[in-house]
Amino acid sequence: MTSSSRDLPAIELAVTLDWRGRAAVLGVAGEIDLLSAPEFEDVVAAVLADGPETLVVDLRSVTFFCSAGLQVLASAHRKMTEHALRVVSDSPVTSGPLKTTGLDTWISVHPTVDEALT
């Protein structure tokens, strides 16, 4: 596992990026709300610009997740091939909105990064 040397545009959120082969693993921490969602969108766009085959978004350290965050994931899903976007969540804070909206039928949700990568 190697960390990316690319600077990601994040101020409100704490983000990390690790590459595992052609898979980008984006770790996000903090609150994804109306103020930070544009930043989340910029970070996801920056990662997608590098052309990963798979994008794993680890939301286990997210403490609040609103519909604006769901929109960012839905947009990323539309830009990638089927099943290429995967979310890691072990909390109802993030998995609840995905299930409630039905987005989890398009984007797979996993309890760990390793499981999301298999």
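This chain uses plain numbering: 1 for the first residue, then up along the sequence.
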Undergrad: Taking atom OG1 of Thr54 and atom NE2 of His83, what is their separation to the nearest 0.5 Å?
TA: 11.5 Å
Undergrad: Stepwise, does the side chain to side chain contact (heavy atoms under 4.5 Å, CB included) test hold for Thr94 with Arg60?
TA: CA-CA 8 Å; Thr94 50; Arg60 290 177 294 176; over 6 Å; no
Undergrad: Leu73 and Leu59: side chain to side chain contact (heavy atoms under 4.5 Å, CB included), yes or no, with the steps?
TA: CA-CA 11 Å; Leu73 292 178; Leu59 300 177; 4.3 Å; yes
Undergrad: Which heavy-atom pair separates Ala37 from Val72 by the least distance, and what is that distance?
TA: O-CG2, 3.8 Å
Undergrad: Considering only heavy atoms from C-beta outward, does the side chain of Thr63 approach that of Val93 to under 4.5 Å?
TA: no
Undergrad: Answer with yes or no whether the side chains of Ser108 and His110 bring together a donor and an acceptor at under 3.5 Å.
TA: yes
Undergrad: Please assess Val28 against Phe40 for the test side chain to side chain contact (heavy atoms under 4.5 Å, CB included), listing each intermediate value before the final yes or no.
TA: CA-CA 8 Å; Val28 184; Phe40 180 45; 3.9 Å; yes
Undergrad: What distance do Glu82 atom CD and His77 atom NE2 have between them, rounded to the nearest 0.5 Å?
TA: 7.0 Å
Undergrad: Please find the pair of heavy atoms, one from Val88 and one from Ala116, that lie closest to each other, and give the distance.
TA: CG2-CB, 3.8 Å
Undergrad: Keeping the roles fixed (side chain from Thr112, backbone from Glu115), state whether a donor-acceptor pair exists under 3.5 Å.
TA: yes
Undergrad: Ignoring hydrogens and angles, tell me if any N or O in the side chain of Arg86 forms a donor-acceptor pair with the backbone of Asp58 under 3.5 Å.
TA: no
Undergrad: Mind checking whether Val56 and Leu17 sit in one hydrophobic cluster, side chains of I, L, V, M, F, W, Y counted as touching below 4.5 Å?
TA: no
Undergrad: State the CG-OG distance between Leu98 and Ser89, to the nearest 0.5 angstrom.
TA: 7.0 Å
Undergrad: I'd like to know if Leu85 and Trp106 are part of one continuous hydrophobic network [Ile/Leu/Val/Met/Phe/Trp/Tyr, side-chain heavy atoms within less than 4.5 Å].
TA: yes
Undergrad: Using 0.5 Å steps for rounding, measure from the CG atom of Leu34 to the SG atom of Cys66.
TA: 4.5 Å
Undergrad: Apply the test side chain to side chain contact (heavy atoms under 4.5 Å, CB included) to residues Val109 and Leu103: give CA-CA distance (whole Å), side-chain angles for both, the deciding distance (0.1 Å), then the verdict.
TA: CA-CA 10 Å; Val109 180; Leu103 200 54; over 6 Å; no
Undergrad: Are Ile107 and Leu48 in one and the same hydrophobic cluster, where Ile, Leu, Val, Met, Phe, Trp and Tyr link if side-chain heavy atoms are under 4.5 Å apart?
TA: yes
Undergrad: Tell me whether Val113 shares a hydrophobic cluster with Phe65, the cluster being built from Ile, Leu, Val, Met, Phe, Trp, Tyr side chains joined at under 4.5 Å.
TA: no
Undergrad: Distance-only, no hydrogens or angles: does the Thr100 side chain make a donor-acceptor pair with backbone N or O of Gly96 under 3.5 Å?
TA: yes
Undergrad: Once you round to the nearest 0.5 Å, how far does NZ of Lys99 lie from OG1 of Thr105?
TA: 12.5 Å
Undergrad: Hey, quick one: are Val87 and Leu70 part of the same hydrophobic cluster, counting side-chain heavy atoms closer than 4.5 Å, chains of contacts allowed?
TA: yes
Undergrad: Keeping the roles fixed (side chain from Glu39, backbone from Leu13), state whether a donor-acceptor pair exists under 3.5 Å.
TA: yes
Undergrad: Charged N to carboxylate O under 4.0 angstrom, Asp50 versus Arg22?
TA: no
Undergrad: Could you pull out all residues at least two apart from Leu35 that satisfy side-chain contact (heavy atoms from CB on, under 4.5 Å)?
TA: Asp33
